[in-house]
Amino acid sequence: MEFIVPQPTAKAPAEWFTGDVWWDVLAAGTAPSRLRFNLVRFAPGARTHWHAHAVGQTLHVVSGTALVGTRDGTVFEAYPGDTVSCLPGEEHWHGATADRFMAHYALWEATGDGTPETTWAEPVTDAQYTEPARTRRLQE
């Protein structure tokens with residue numbers, strides 16, 4: 001057993017995020033582990049760009065309201081205690097509402113074969129982010 005030495009909080013790269021996003025890498029497993037585990041904090045209005053994870057991703061909301069969007073235009077709301085599973089290869093985005101901070105744990109795995117674990121695409125447009133008619137609570 002060992003305790004993981006914490007890394008400093010880092011600002012998320014602008015080429016993957018819109019707005020101010022900060023993360024703490026809580027675990028980045030080394031072989032044979034492929035675990036990736038971050039605490040990610042989003043300022044109001046901040047969000048990821050479109051992306052997909054080769055082995056999928058799990059998000060667990062700890063504070064605020066998370067918005068999680070899919071390519072069909074659906075935007076789900078997820079609240080503290082909610083856990084969202086994004087399937088392998090599923091393009092999606094996630095972020096904070098326009099008026100509140102949001103934090104979630106993000107868990108995913110490396111592929112184990114050296115291929116990219118995350119494929120990043122274009123930024124989420126303001127129209128995709130603010131589409132209120134398609135937003136719904138996760139459990140509905």
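None of these values were measured; they are calculated from a predicted model.
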S.K.: So, taking the atom named OG1 in T111 and the one named NE2 in H53, what distance separates them when rounded to the nearest 0.5 Å?
M.R.: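 Reported value, rounded in 0.5 Å steps: 13.0 Å.
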
S.K.: Looking at D113 and R34, does any basic side-chain N land under 4.0 Å from a carboxylate oxygen?
M.R.: no

S.K.: Are T83 and H60 linked by a side-chain donor-acceptor pair shorter than 3.5 Å?
M.R.: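 Side chains of T83 and H60: pair found under 3.5 Å.
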
S.K.: G64 and V61: which non-hydrogen atoms are nearest, and at how many Å?
M.R.: O-CG1, 3.9 Å

S.K.: For the residue pair H94 / T48, report whether a side-chain donor-acceptor contact shorter than 3.5 Å exists.
M.R.: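 No, no side-chain donor-acceptor pair sits under 3.5 Å.
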
S.K.: Cation-pi between R47 and Y129: NZ/CZ under 6.0 Å from ring centre and within 45° of the ring axis?
M.R.: yes

S.K.: Let me confirm one number: the CZ-OG1 distance from F42 to T97, rounded to the nearest 0.5 Å.
M.R.: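 Going from CZ on F42 over to OG1 on T97, the span is 12.0 Å.
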
S.K.: For V21 and V40, which heavy atoms make the closest approach, and how far apart are they?
M.R.: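 Answer, listing the atom of V21 first, then V40: CG1-CG1, 3.5 Å.
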
S.K.: Salt bridge between R100 and E77, side-chain N to carboxylate O under 4.0 Å?
M.R.: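 A salt bridge is absent here (no side-chain N lies under 4.0 Å from a carboxylate O).
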
S.K.: Examine F17 together with W120 and report whether their ring centres are nearer than 6.0 Å.
M.R.: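 Aromatic pair counts; centres sit under 6.0 Å.
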
S.K.: Which heavy-atom pair separates P88 from A54 by the least distance, and what is that distance?
M.R.: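 Minimum heavy-atom contact is CB-O, 3.3 Å.
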
S.K.: Is there a side chain to side chain contact (heavy atoms under 4.5 Å, CB included) between W108 and L35 once you walk through the steps?
M.R.: CA-CA 6 Å; W108 70 102; L35 174 70; over 6 Å; no

S.K.: Locate the shortest heavy-atom distance separating S63 from P80; write the atom from each residue and the value.
M.R.: CA-CG, 3.9 Å

S.K.: Of all heavy-atom pairs between V62 and Y105, which one has the smallest distance, and what is that distance?
M.R.: CG1-CE1, 3.5 Å

S.K.: Is E109 salt-bridged to R36, cutoff N-O under 4.0 Å?
M.R.: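 Salt bridge between E109 and R36, a charged N being under 4.0 Å from a carboxylate O: no.
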
S.K.: Which value, rounded to the nearest 0.5 Å, describes the distance between L67 atom CG and M102 atom CE?
M.R.: 7.5 Å

S.K.: Is there a side-chain contact between E90 and Q57 (heavy atoms, below 4.5 Å)?
M.R.: no

S.K.: Does some side-chain heavy atom of T18 sit less than 4.5 Å from a side-chain heavy atom of P123?
M.R.: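 The answer is yes, as the side chains (C-beta and beyond) meet within the 4.5 Å cut-off.
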
S.K.: Distance-only, no hydrogens or angles: does the T130 side chain make a donor-acceptor pair with backbone N or O of D126 under 3.5 Å?
M.R.: yes

S.K.: Could you tell me if H51 and H49 have a donor-acceptor pair between their side chains, going purely by distance under 3.5 Å?
M.R.: no

S.K.: Rounded to the nearest 0.5 Å, how far apart are NE2 of H104 and CG of N38?
M.R.: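 H104 atom NE2 to N38 atom CG measures 9.5 Å (nearest 0.5 Å).
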
S.K.: Tell me the closest heavy-atom pair linking A43 and A96, and the distance in Å.
M.R.: O-CB, 3.4 Å

S.K.: For the side chain of D72 and the backbone of T74, is there at least one donor-acceptor N/O pair under 3.5 Å apart?
M.R.: yes

S.K.: Does anything in residues 4-33 pair up under salt bridge (Lys or Arg N to Asp or Glu O under 4.0 Å), and if so which pairs, sequence neighbours excluded?
M.R.: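 Matches after skipping sequence neighbours: K11-D20, D24-R41.
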
S.K.: Side-chain donor-acceptor pair under 3.5 Å between Q128 and W50, yes or no?
M.R.: yes

S.K.: From L59 CG over to D82 CG, what is the distance, rounded to the nearest 0.5 angstrom?
M.R.: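 So the gap between those two atoms works out to 11.0 Å.
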
S.K.: Are T118 and W16 side-chain neighbours, meaning at least one heavy-atom pair lies under 4.5 Å?
M.R.: no

